**Student:** 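Mind having a look at this structure? Questions to follow.
Here the structure is a predicted model, which means the values were calculated and not measured. Each chain gets a letter, A, B and so on, in the order its sequence line appears, and its residues count up from 1.
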2 protein chains.
Amino acid sequence: MHATTDKVRAVRYPLTGDFLAGRLRQNLRSEDLTYIENLVESVEEHGDGTCILERGARTECSTILIEGYVFRTIESGGKRFITGVHLPGDFIDLHGFALKRLDHNVVAAGKVRVGCVSHATLRRVMMDRPGVARAMWFATLLDAAIHRKWIQTLEQLDAPRRIAHLYAELRTRLELIGRVNSRALRTPFTQFDMADMCGVSAIHANRAVGKLKEMEIAEIRRGDLYTDDWDLLKKFARFDPDYLYGEGPLKLEDDWD
Amino acid sequence: MHATTDKVRAVRYPLTGDFLAGRLRQNLRSEDLTYIENLVESVEEHGDGTCILERGARTECSTILIEGYVFRTIESGGKRFITGVHLPGDFIDLHGFALKRLDHNVVAAGKVRVGCVSHATLRRVMMDRPGVARAMWFATLLDAAIHRKWIQTLEQLDAPRRIAHLYAELRTRLELIGRVNSRALRTPFTQFDMADMCGVSAIHANRAVGKLKEMEIAEIRRGDLYTDDWDLLKKFARFDPDYLYGEGPLKLEDDWD
DNA sequence: ATAGAAAGCTAACATCCGTCAATAGACGCT
DNA sequence: AGCGTCTATTGACGGATGTTAGCTTTCTAT
């Protein structure tokens, strides 16, 4: 991790037109998606390792991840702990909007592009568009469900299975947002990153990666995972996608809108 | 844990009048609190070990904890994993309302009393009372913040510190809802429960409890923790209450309501 | 192309923790 | 009071993981 460029650029439009192919998409009509895309007031790029949002900050805008990976991290006793990872389409600091104060950092893993929506705009949205407000609430509930699964993973699995579970989850989440186009799963993660996500030392993460290769479950090279058999990997990790609520658009009562 | 009585009684009123001294209280005006209390359509009691909500269930009402402790649990491979614990005033299945399907069980730890609010009522509230809807969203965001801290705890601390951290968190959460009246912290937890919350075996949980006593940090007898020095315990557990957002009522823009 | 830095890998040893087995203590039921 | 069950406790052993140290590979900047 070497923080090189900070904010490469901050522009106002044009947007990609498709950056909301993320989590919200499942729960919104296309007109609402267009509506949200137009809320983005600026787009920023950040280099690997950049701290995009700092613990304790009181922000005036919320951030949606457009491209790349970010970590939720907490520093304690000189060490870093990763409590979550986010993919394009995820709002990464809606809690900063509602709780007014961030309790952890958000750090870029590799190059990322994010969009900013001011809190004033969000407040207006919450009032004018209950359907959109609801979708954002769903997204935070899904975050909580993923957190619970990470807790279970830490409580239940040994290091090789934790790493396998991490990649199985990422694979499924990428599928849900239509970003899987090969059998490989490419990430910018180092073994240090994997270690901090899985609650083991970097050296033990290395052992675990070696074991996955030895067992012919998967080969991980510089963050990129290659496997001939995703089902085998998922079985090994005891992965059950239930908690990702990937069953498609929720059947919602219309009287909500 | 022995499931004795299931539903001891299910009555419609009278309510305690003060069961909402919980998490929502911080963020709501008293008229809104009264409003929510009156949403409760029935009150139920459950005995120790009762599964109040089952994974996969599609509920027609949401549940608020009035008295006692409950666990969020996941069964896997014949073992039980606890991903969270809730105190009076917590909504324990708002995600069931929004996500339509529960991804884990909710189990009574000791005797509990819960209130039920139908989803139809909640939908009405979400539309009519944005302030109340907002407070419920806050509550779920706070759940997520607590989940993240549990992840960090599992990644960072050894067994004695995890148990100390658990009790430090409970102590603070009880303070926030005005339920601390002695230096002791009484819970119905067995060492099996502590083990399942901390991701260690029951035998190792026992060792950890013994170590806390040996180090003169705290004595835990049948779930009840006694200590002369809560600050020492919190320091040992590296407990920082930041993530509980206990700074009192949030300063919120009025234009939300 | 080269040098420096970051990342990956290996070995040795100590500690933490899981498992099994057995026992003791506490509580609820009759 | 007495019994059975749940809970707590202890010891022994092995596996999983942390730590330190050193080395190799790969990337990146010049």
**Student:** Across the strands shown, which category fits B:A159 at heavy-atom distances under 4.0 angstrom: base, sugar-phosphate, nothing?
**Tutor:** sugar-phosphate
**Student:** Please report the distance, rounded to the nearest Å, between CG in A:L154 and P in C:dC16.
**Tutor:** 19 Å
**Student:** Please give me the minimum heavy-atom distance between A:V85 and A:R173, naming the atom from each residue.
**Tutor:**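 The answer is O-NH2, 3.0 Å.
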**Student:** Just how far, in rounded Å, is P of D:dG18 from CD of B:Q156?
**Tutor:** 13 Å
**Student:** What's the CG-P distance between B:D224 and C:dA26, to the nearest Å?
**Tutor:**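 Rounded to whole Å, this separation is 14 Å.
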**Student:** What is the nucleic acid contact for A:G223, judged by heavy atoms within less than 4.0 Å: base, sugar-phosphate only, or nothing?
**Tutor:**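 Nothing: the residue A:G223, judged by heavy atoms under 4.0 Å, touches no strand.
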**Student:** Please tell me which of the listed nucleotides, D:dG18, C:dG8, D:dT9, lies nearest to the side chain of A:V200?
**Tutor:**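 Among the listed nucleotides, the one closest to the side chain of A:V200 is D:dG18.
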**Student:** Rounding to a whole Å, what distance do you find between A:Q191:CD and D:dT24:P?
**Tutor:** 18 Å
**Student:** Rounding to a whole Å, what distance do you find between A:D193:CG and C:dA6:P?
**Tutor:**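 It is 14 Å, rounded to the nearest whole Å.
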**Student:** Does A:K213 make a side-chain N or O approach to OP1 or OP2 of C:dC9 shorter than 4.0 Å?
**Tutor:**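 No.
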**Student:** Of all the nucleotides listed (C:dC17, D:dT9, C:dG18), which has the minimum atom distance to the side chain of B:P160?
**Tutor:**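 Of the options given, the side chain of B:P160 lies nearest C:dC17.
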**Student:** Looking at side-chain heavy atoms only, is the closest gap between A:D93 and A:L102 below 4.5 Å?
**Tutor:** yes
**Student:** In whole angstrom, what separates B:H204's NE2 from C:dT19's C1'?
**Tutor:**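 Value for this atom pair: 13 Å.
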**Student:** If I compare all heavy atoms of B:L174 with all of B:Y69, which pair ends up nearest, and what's the gap?
**Tutor:**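 Distance-wise, the nearest heavy atoms are CD1-OH, 3.8 Å.
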**Student:** Between A:I203 and A:R222, just flag the one whose closest nucleotide in DNA chain C comes earlier from the 5' side.
**Tutor:** A:R222
**Student:** B:N206 has an atom CG; how far is it from atom P of D:dC6, in whole Å?
**Tutor:**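 Whole-Å distance recorded here is 18 Å.
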**Student:** Is there a donor N/O on one and an acceptor N/O on the other, under 3.5 Å, for the side chain of B:R207 and the base of C:dT15?
**Tutor:**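 Answer is no: no donor-acceptor pair is held.
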**Student:** Send over the distance from B:K211 NZ to C:dC16 C1', rounded to a whole Å.
**Tutor:** 9 Å
**Student:** Under 4.0 Å between a side-chain nitrogen and a carboxylate oxygen: does that hold for A:K149 and A:D242?
**Tutor:**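 No, no charged N to carboxylate O under 4.0 Å.
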**Student:** Check the angle between the aromatic planes of B:H95 and B:H104 and answer parallel, tilted or perpendicular using the 30° and 60° thresholds.
**Tutor:** parallel
